[in-house]
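Comments concern the structure below.
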Amino acid sequence: MTLRLLLVGLPLTILFGAIFAYWLLPLSWIGATLLAVIISPTDAALCKGFLSEPRVPVRLQEAINVESGLNYGLCVPIFLFSLPVVVHGENATLSALSWLFFRELSIACVIATVVTWISIVLMRKAKTHHLFATTTSPFLFIGVATLVFSLTQALHGSGFIAAFVCGLLFDRFYDDPIKDTLLKDSEHIADFATLLIWTLFGMISLNLFSQGVNIDALIFAVFAIILIRTLPIILCLMRSDTRLHERMTWAKGACICGVYIDVNDNYEQ
């Protein structure tokens with residue numbers, strides 16, 4: 001199901017978004033594609049309350065988490081490829097896009113593997129020598145993820161993919177009785193940081209809206225919420241083993257993720 005959403009749903013979302021953006025806004029095709037790439041990824045942080053709802057099937061919760069962790073990493077190379085074309089009018093070639101994807105993903109996987117392996121070895125040695133403090137360990141986990149993301153970005157890789165791969169490797173190869181507890185504590189810290197970030201983002205957005213509203217962008221945002229982010233999900237899951245209410249639940253999650261981002265992205269555009 002996750003592969004369907006990444007390989008079918010995400011491209012369809014970008015395609016529908018580009019078509020509507022080109023139709024409603026004064027943008028070229030490449031500019032419309034760039035805008036569609038910005039609004040297409042699902043940000044699970046914005047609908048975490050929805051995902052933690054007991055009535056949402058577990059496999060949908062897991063699939064949304066996996067898909068939202070990977071779609072940013074896949075969209076960033078397209079964004080980096082399209083941006084110079086829009087801003088500077090550079091030529092776009094398929095070989096350049098392919099190389100960008102290869103570079104971003106390969107650097108991400110290498111950095112994530114190396115840093116995660118070193119971190120796990122050091123953490124095991126620290127615990128063996130009784131140097132592992134459980135009260136501060138959640139910050140250590142966040143520090144490893146931040147290091148992986150930052151180092152990958154500095155080396156022109158995909159930090160999102162690297163952080164996601166780091167999490168997968170850590171979950172698979174780091175065995176500790178208190179691992180789940182420490183991960184939950186780390187998640188609470190991350191949630192608090194997320195609230196601060198979105199509060200700041202909301203303050204900045206409110207200031208932008210106070211200067212006036214672009215009606216065409218607002219119409220596009222409504223289309224994005226109702227159709228662009230939901231229709232591709234329903235279409236790509238039609239022949240899957242998901243039930244209708246599961247597909248609609250996923251679409252609802254995509255709407256929640258998109259309401260805030262779509263309006264602000266399109267206003268700034």
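A quick note: this is a predicted structure, and the numbers were derived from the prediction, not measured. Only this structure's heavy atoms are used, side chains among them; waters, hydrogens and symmetry mates stay out.
One finds the CD1 atom of Ile204 at 8.5 Å from the CG atom of Asn207 (value rounded to the nearest 0.5 Å). Of the inter-residue distances, the one linking Arg124 atom CZ with Asp175 atom CG reads 6.5 Å to the nearest 0.5 angstrom. Of the inter-residue distances, the one linking Met203 atom CE with Leu206 atom CG reads 8.5 Å to the nearest 0.5 angstrom. Once rounded to the nearest 0.5 Å, the distance linking CG of Leu24 with CD1 of Ile215 reads 12.5 Å. Taken to the nearest 0.5 Å, the OG1 atom of Thr113 stands 11.0 Å off from the CD1 atom of Ile118. Distance check: Phe192 CZ to Leu196 CG gives 4.0 Å after rounding to the nearest 0.5 Å.
In terms of hydrophobic clustering, with Ile, Leu, Val, Met, Phe, Trp and Tyr side chains grouped at heavy-atom distances under 4.5 Å, Phe20 and Ile219 are assigned to a common cluster. Under a hydrophobic clustering in which Ile, Leu, Val, Met, Phe, Trp and Tyr are joined whenever their side-chain heavy atoms come within less than 4.5 Å, directly or via other members, Leu195 and Ile189 fall into different clusters. Tracing side-chain contacts under 4.5 Å through hydrophobic residues (I, L, V, M, F, W, Y), one reaches Ile14 starting from Ile30; they form part of the same cluster. Hydrophobic clustering (side-chain heavy atoms under 4.5 Å, transitive across Ile, Leu, Val, Met, Phe, Trp, Tyr) keeps Phe164 apart from Val110. Residues Leu122 and Leu169 fall into different hydrophobic clusters, defined by Ile, Leu, Val, Met, Phe, Trp and Tyr side chains chained together at heavy-atom separations under 4.5 Å.
For Ile197, there are no side chain to side chain contact (heavy atoms under 4.5 Å, CB included) partners at least two apart in sequence or on another chain.
Within 6.0 Å of CH2 in Trp29 there are more than 12 heavy atoms belonging to other residues, nucleotides or ligands. For Tyr22, the OH atom is loosely surrounded, since the number of other residues' heavy atoms within 6.0 Å does not exceed 12. Within a 6.0 Å sphere centred on NZ of Lys125, heavy atoms belonging to other residues, nucleotides or ligands number 12 at most.
Heavy atoms only, all atoms of each residue included: Ala32 and Ala21 are closest at CB-CB, 3.8 Å. Closest heavy-atom contact between Cys166 and Thr116: SG-OG1, 3.3 Å. Heavy atoms only, all atoms of each residue included: Ala108 and Ser158 are closest at CB-O, 3.3 Å. Counting all heavy atoms, side chain and backbone alike, Ala112 lies closest to Ala162 at CB-O, 3.3 Å.
With a 4.5 Å cut-off on side-chain heavy atoms, Phe220 and Leu35 count as touching.
A side chain to side chain contact (heavy atoms under 4.5 Å, CB included) with Trp117 holds for exactly one of Val121, Val114, Val115, Ile120; it is Val121.
Note: Phe149 and Phe160 have perpendicular aromatic rings, judged against thresholds of 30 and 60 degrees for the angle between ring planes.
For the pair Ser106 (side chain) and Arg103 (backbone), a donor-acceptor distance under 3.5 Å is present.
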